[in-house]
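Just so you know, these numbers use all the heavy atoms, side chains as well, and skip hydrogens, waters and symmetry mates. A, B, ... follow the sequence lines: proteins, then strands. Residue 1 opens every chain.
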Number of protein chains: 2
Amino acid sequence: MTERPPLDDIDLKILSELQKDGRIRINELALRVGITAPPCLRRVRTLRSSGVIQAIRATLDERLLGYEVMTFVLIQLESQRLAAIEAFEAAVTAEPRFLQCWRISGDADFMLKCVAPDVNDMRRQLLQFAGLPNVRKIRSFPVLGVSKDAPLPIPGSLATPNPA
Amino acid sequence: MTERPPLDDIDLKILSELQKDGRIRINELALRVGITAPPCLRRVRTLRSSGVIQAIRATLDERLLGYEVMTFVLIQLESQRLAAIEAFEAAVTAEPRFLQCWRISGDADFMLKCVAPDVNDMRRQLLQFAGLPNVRKIRSFPVLGVSKDAPLPIPGSLATPNPA
DNA sequence: TGTGAAAGAAAGTCCAT
DNA sequence: ATGGACTTTCTTTCACA
């Protein structure tokens with residue numbers, strides 16, 4: 001599940017295509033990468049079960065679903081002991097509007113991506129977290145817009161990238 | 001393309017399912033949301049063309065593709081004039097290893113998510129950007145690990161969320 | 001909008017190479 | 001590991017409620 005599978009050019013092309021369109025038909029995919037459907041299907045399955053393809057998911061428009069504000073938040077804890085870290089992670093996990101959370105180094109311990117219907121909701125949410133016992137410092141960075149959102153560049157591939 | 005389509009409960013369930021598995025069969029999807037395949041297919045198409053579903057894409061494992069390091073970077077510019085902003089965005093867009101870039105407010109102008117094969121590559125990449133004429137301040141936050149990666153919570157839905 | 005049936009297309013399996 | 005032929009299953013269109 002997390003070994004290092006050897007990826008040939010065809011695999012890389014498959015990954016590139018699936019990153020652009022995760023619902024592409026196996027036939028069409030096979031055509032684009034230059035093989036027939038059966039081996040193509042096998043490769044896709046292997047790529048999924050080996051974990052190279054983590055998931056194929058729909059990306060939704062937050063605004064159209066009522067989340068008007070998005071914010072990045074840097075959080076520094078008082079203590080970096082394992083128990084403190086895990087308690088904080090549990091609190092984050094319990095809050096559905098904290099979409100993503102990364103453990104980081106540098107001048108903070110966590111980076112969060114957070115959505116809310118409006119600024120008041122967001123404020124309440126963040127104040128609540130600022131009040132957790134182990135939280136020393138919170139800095140937030142409201143998102144004004146997306147400048148770039150590109151797929152992972154596929155290593156040796158001649159894959160057409162998907163800029164901006 | 002960016003209007004506010006009215007979404008009923010069935011639409012919300014569809015979104016929830018597609019966020020969990022973007023390659024789910026229309027049949028299976030229809031079954032889960034309680035209608036038959038034809039209207040389900042129509043709804044999915046509408047959701048896509050209205051932009052509620054932005055895309056359906058494969059998410060790849062960066063490590064398994066040779067990107068050992070990932071970093072968030074906060075960037076503050078000297079000038080916030082439009083021309084300066086756009087010049088910076090163009091530079092970011094030209095660098096494939098800057099995967100995502102958000103325009104933000106707060107104590108910086110941009111938030112970047114950035115990958116590289118190793119720390120040396122990353123260092124070179126960041127130093128190069130630090131040298132751009134209009135860049136005042138760069139702070140980077142190397143990612144140690146992912147604590148949480150959850151889908152967008154679907155508003156009025158009884159949808160099974162996908163925690164951690 | 002929804003359903004059911006029917007045509008057409010795709011996925012998935014087997015086997016030979 | 002691949003490709004061709006087959007079977008099964010799904011997608012999609014259509015007529016109708």
Side-chain angles (χ1 to χ4, degrees), chain A residues 1-61 64-66 154-159, chain B residues 1-61 64-66 154-159:
Chain A
M1 196 72 171
T2 321
E3 287 152 35
R4 282 264 181 170
L7 302 173
D8 63 17
D9 280 2
I10 294 179
D11 290 317
L12 295 177
K13 281 189 197 166
I14 289 175
L15 293 175
S16 177
E17 291 299 326
L18 285 176
Q19 232 181 348
K20 287 190 287 188
D21 177 6
R23 263 189 102 85
I24 187 176
R25 306 271 180 201
I26 293 294
N27 262 326
E28 174 66 18
L29 182 58
L31 186 69
R32 290 195 197 174
V33 306
I35 56 178
T36 52
C40 185
L41 180 62
R42 257 183 298 128
R43 281 168 179 267
V44 171
R45 283 177 174 162
T46 305
L47 289 168
R48 298 191 77 162
S49 67
S50 69
V52 178
I53 297 174
Q54 292 180 330
I56 298 181
R57 296 201 250 109
T59 306
L60 310 183
D61 185 309
L64 293 180
L65 284 161
I154 304 295
S157 144
L158 33 149
Chain B
M1 197 70 171
T2 320
E3 288 152 35
R4 282 262 181 170
L7 302 174
D8 64 18
D9 281 1
I10 294 180
D11 288 319
L12 295 177
K13 281 188 198 166
I14 289 175
L15 294 175
S16 177
E17 292 299 326
L18 285 176
Q19 231 181 347
K20 287 189 287 188
D21 178 5
R23 263 190 102 88
I24 187 174
R25 306 266 179 201
I26 294 293
N27 262 335
E28 174 65 17
L29 181 58
L31 185 69
R32 291 195 196 174
V33 305
I35 56 178
T36 52
C40 186
L41 179 63
R42 258 183 294 143
R43 282 168 180 267
V44 171
R45 284 178 173 162
T46 305
L47 290 167
R48 297 192 77 161
S49 68
S50 69
V52 178
I53 297 173
Q54 292 181 330
I56 299 181
R57 297 202 250 110
T59 307
L60 309 183
D61 185 310
L64 294 180
L65 283 162
I154 303 296
S157 145
L158 32 147

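A distance-only check finds a donor-acceptor pair linking the side chain of A:Arg23 to the backbone of B:Ile24 [under 3.5 Å].
No side-chain heavy atom of B:Ile53 sits less than 4.5 Å from a side-chain heavy atom of A:Thr59. Annotation: side chain of B:Leu60 is in contact with side chain of A:Ile154 (closest heavy-atom distance under 4.5 Å). Between A:Arg43 and A:Val33 there is no side-chain heavy-atom pair separated by less than 4.5 Å. A:Glu17 places a side-chain heavy atom less than 4.5 Å from the side chain of A:Lys20. Side-chain contact between A:Leu47 and A:Leu18 is absent, with no heavy atoms from C-beta onward closer than 4.5 Å. Counting heavy atoms from C-beta on, the side chains of A:Leu7 and B:Leu65 come closer than 4.5 Å.
In this structure, the CG atom of A:Leu31 is 16 Å from the C1' atom of C:dA11, given to the nearest Å. Between A:Arg42 atom CZ and C:dG12 atom C1' there is a gap of 11 Å when expressed in whole angstrom units.
Side-chain N/O atoms of A:Thr36 include none lying less than 4.0 angstrom from OP1 or OP2 on D:dT2.
With D:dA5, D:dC14, D:dA1 as the candidates, the nucleotide lying closest to the side chain of B:Pro38 is D:dC14.
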Please write out the pairs of protein N or O atoms and N or O atoms of nucleotides 7-11 of chain D separated by less than 3.5 Å, giving the distance to one decimal.
| residue | atom | partner | partner atom | Å |
| --- | --- | --- | --- | --- |
| D:dT11 | OP1 | B:Ile26 | N | 2.7 |
| D:dT11 | OP2 | B:Ile26 | N | 3.2 |
| D:dT11 | OP2 | B:Asn27 | N | 2.8 |
| D:dT11 | O3' | A:Arg25 | NH2 | 3.2 |

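Residues B:Glu28 and B:Arg32 are paired through a salt bridge, judged by an N-O separation under 4.0 Å between the basic side chain and the carboxylate.
For the helix from C:dT1-D:dA17 to C:dT17-D:dA1, the terminal axes (five pairs an end, C1' atoms, rotation from four pairs onto the next four) enclose an angle of 30°, given to 10 degrees.
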